[in-house]
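The next block holds one structure in the form of structure tokens; read it before the comments.
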Amino acid sequence: MTDTAMTDTRRYGGDAVLSAFRAAGAEYVFCASGSEWAPVWEALARRHRDGEPAPAYLDLTHETVAVGMATGHALISRRPQGVLLHAAPGLLQGSMAIHGALLAGVPMVVASSESTSYGDGPGPDPGGQWYRNLSVVGGPHHVAQPFTKWATEAASIHTLPTMITRAAELARRAPAGPAYLNIPLEILLEDWDGREPAAVPAPGSTHSAPEEADAVARMLREAVNPVIVTETAGREPGGFEALLAFAEAWRIPVVEPDSAVCGNFPRSHPLHAGSDIGPWMDTADLILLVDCRAPFYPPSRRPAKARIVVIDDVPQRPHVVYQVLFADRYLEGGVAHTLRQLAKRARGVDERALTARRTAQEERHAAERTALAAAEVKAAEAADAEGIDPVLVAAGLRRLLDGRDGIVVDETITHSRVVKRHLRTDAPDSYFYVQGGLGQGIAVALGVKLAAGQRPVVLTIGDGAFTYNPVVPSYDASKTYGLPLLILVFNNRGYRSMNLNHRRFHPDGAAAGTGEWLGTDLRRLPRLAAFAEPFGMHTETVDTPDALAPALERALKAVAEGTTAVVDVLVTR
């Protein structure tokens, strides 16, 4: 091969990639740089110079940041964006975040590359690195298959644009998830004929048959003690509102289990029944699983007498290894549409039964509100020199965001139940829980901010999760692209969840006797807020309850003025 320069007037595979992403509706291309993307960079430079349209390009310095930002953007926009990684190593580096997108049902098109000639063919020299250490047997598309919805190779310049638009269409359709394309470097360097791919329309809607909805409506009329359980209804366009209308029409309580990945129902609403399905397992006579992939744990924990209706676009998630739903009936198709149709069928029901059902749930909800208030009073009264009760931190965040239309991205483990319970979000797209392995939270929050515009975005994160994040590349992206976040660290100076499991598995073991708890201590770390200081960001470290609210107010003010703020809160547990 030769190192002959390629002329400025011809169009190559890099141009085909940009045209295809535009046709797919991608507003952004998130790139963790790799040498194969020089043809795309050249195409971008030429388009910018000549005033031609192109997706906005984000030059990022870590694969988790690139994928995580695409995830966060799609959580709000619900549209697939483009992600460019480097060969198989970059794909492997980003694989945890790609898997998280798969679990969250987030569409995106991820691409990386390989060489097919290794310098032994005509045309530009791909470089010796592909021969020596970048390639993997079978190609990177085989590497990607276990953690993507669809993965293949774009093996020809003539099919490359349509392969990208096809990947976007597959990524967007239920169950949504990341699609992967291996685009060999030689294809990116080939001449492209300039035929633009057709614009990709939005997916069509799918509906259950009316007679199927009628059958479920009969079950609802016969039920005395029904309950709804949902994990991701709020991810569907219009799903939050449709679930609210459905629950109100039939006066049915709604449980959001700990496995819920977003806000699905207003937690301030009297029909919100908390996060524990346990009280309903022996008493409910009808359980409606609405976008709920894993409702029971252990999976064999079957309800005592309830019939089960599964309402889901694709109930059997193909990427879930083991899934048990105990379904008696399925309503498949667009979830929001199905819920709206069932709400319209809420007639012919004994009004006294509906009133009794709602009254019972209102009493449970009032008891929960009383318990929440009591927990916050107790936390305030138990001021501790060692830090701040996490209940006060979550409650303080709730008060801070009141009336501000904020969005919370949560990457806590030990404190996730506290955050959900005391935050009490009540609007669509106001809460998201990061899926998959720890270390993606900052990037996902940045992507949410990119799509959310002026809405304030808060990341709640534990100190353990914080240390897994690519902090420096994330802060670089925040500063470079003007994406200010409020990062609120629940810092208990340890991997508490790991320690709890050690104690649970070995309560009387050697560690319990000697106090040698391994894999848990983070007291050796420096101040976590200090990592933001070189970027000129606002930082606070807080260890007393009286200092919390003023610190949060200062931090949010800094965010409103355009800079990321990190508040490291030393919590008591």
Side-chain angles (χ1 to χ4, degrees), residues 208 210-234 236 239-260 264-267 269-297 301-313 315 324-333 335-368:
S208 292
E211 58 270 23
E212 294 173 334
D214 289 339
V216 172
R218 287 193 295 271
M219 298 171 72
L220 286 163
R221 292 187 191 99
E222 296 166 0
V224 175
N225 191 28
V227 65
I228 297 165
V229 185
T230 183
E231 291 177 336
T232 61
E236 305 287 336
F240 189 100
E241 297 86 348
L243 180 59
L244 176 59
F246 170 59
E248 287 184 332
W250 292 92
R251 321 286 209 280
I252 304 176
V254 177
V255 173
E256 289 185 283
D258 291 332
S259 52
N264 304 289
F265 195 83
R267 284 188 169 259
H269 196 285
L271 287 175
H272 196 286
S275 302
D276 185 9
I277 194 178
W280 305 91
M281 295 297 285
D282 294 328
T283 60
D285 56 354
L286 179 64
I287 297 177
L288 299 122
L289 302 179
V290 180
D291 262 356
C292 196
R293 60 184 176 174
F296 312 115
Y297 191 82
R301 188 190 181 196
R302 191 182 192 114
K305 59 182 180 180
R307 290 187 295 175
I308 297 175
V309 175
V310 174
I311 301 173
D312 202 317
D313 220 340
V324 181
L325 299 175
F326 296 123
D328 294 293
R329 183 176 289 274
Y330 289 107
L331 280 183
E332 300 185 40
V335 169
H337 174 83
T338 300
L339 294 175
R340 287 192 290 266
Q341 294 307 306
L342 289 174
K344 292 177 181 178
R345 288 166 168 77
R347 54 185 180 271
V349 186
D350 185 346
E351 191 63 35
R352 290 172 299 179
L354 291 179
T355 301
R357 195 149 73 206
R358 177 159 185 136
T359 300
Q361 173 53 32
E362 287 177 345
E363 291 174 354
R364 287 189 290 263
H365 186 76
E368 168 69 2

Donor-acceptor contact below 3.5 Å, side chain [X] vs main chain [Y]:
X	Y	value
Arg293	Leu325	no
Arg357	Trp250	yes
Ser275	Asp258	no
Asp285	Asn225	yes
Asp328	Ile308	yes

If the threshold is 4.0 Å, N to carboxylate O, is there a salt bridge linking Arg251 and Glu351? yes

Between Glu222 and Arg218 (salt bridge meaning N to carboxylate O under 4.0 Å), is one present in this structure? no

When His272 is tested against each of Glu256, Glu368, Arg364, Gln361 for side-chain hydrogen bond (donor to acceptor under 3.5 Å, both in side chains), which residue passes? Glu256

Taking every non-hydrogen atom, the tightest pair across [X] and [Y]:
X	Y	result
Ala213	Leu331	N-CD2, 3.9 Å
Val290	Ala233	CG1-CB, 4.0 Å
Ser259	Glu231	OG-OE2, 2.5 Å
Pro226	Pro253	O-CD, 3.5 Å
Val227	Ala284	CG1-CB, 4.1 Å
Arg345	Pro210	NH2-O, 3.6 Å

Gap separating the [atom1] atom of [X] from the [atom2] atom of [Y], nearest 0.5 angstrom:
X	Y	atom1	atom2	answer
Ile311	Glu332	CD1	CD	11.5 Å
Leu354	Arg221	CG	CZ	11.0 Å
Thr230	Phe240	OG1	CZ	10.5 Å
Leu289	Asp312	CG	CG	9.0 Å
Met219	Arg329	CE	CZ	6.5 Å
His365	Arg267	NE2	CZ	10.5 Å

By side chain to side chain contact (heavy atoms under 4.5 Å, CB included), which residues pair with Arg302, not counting sequence neighbours? Phe326

Is there a side-chain contact (heavy atoms from CB on, under 4.5 Å) between Leu286 and Ile252 once you walk through the steps? CA-CA 10 Å; Leu286 179 64; Ile252 304 176; over 6 Å; no

Kindly indicate whether the side chain of Leu220, heavy atoms from C-beta on, has any atom under 4.5 Å from the side chain of Phe246. yes

Side chains of Pro257 and Ile277, heavy atoms from C-beta outward: is any pair under 4.5 Å? no

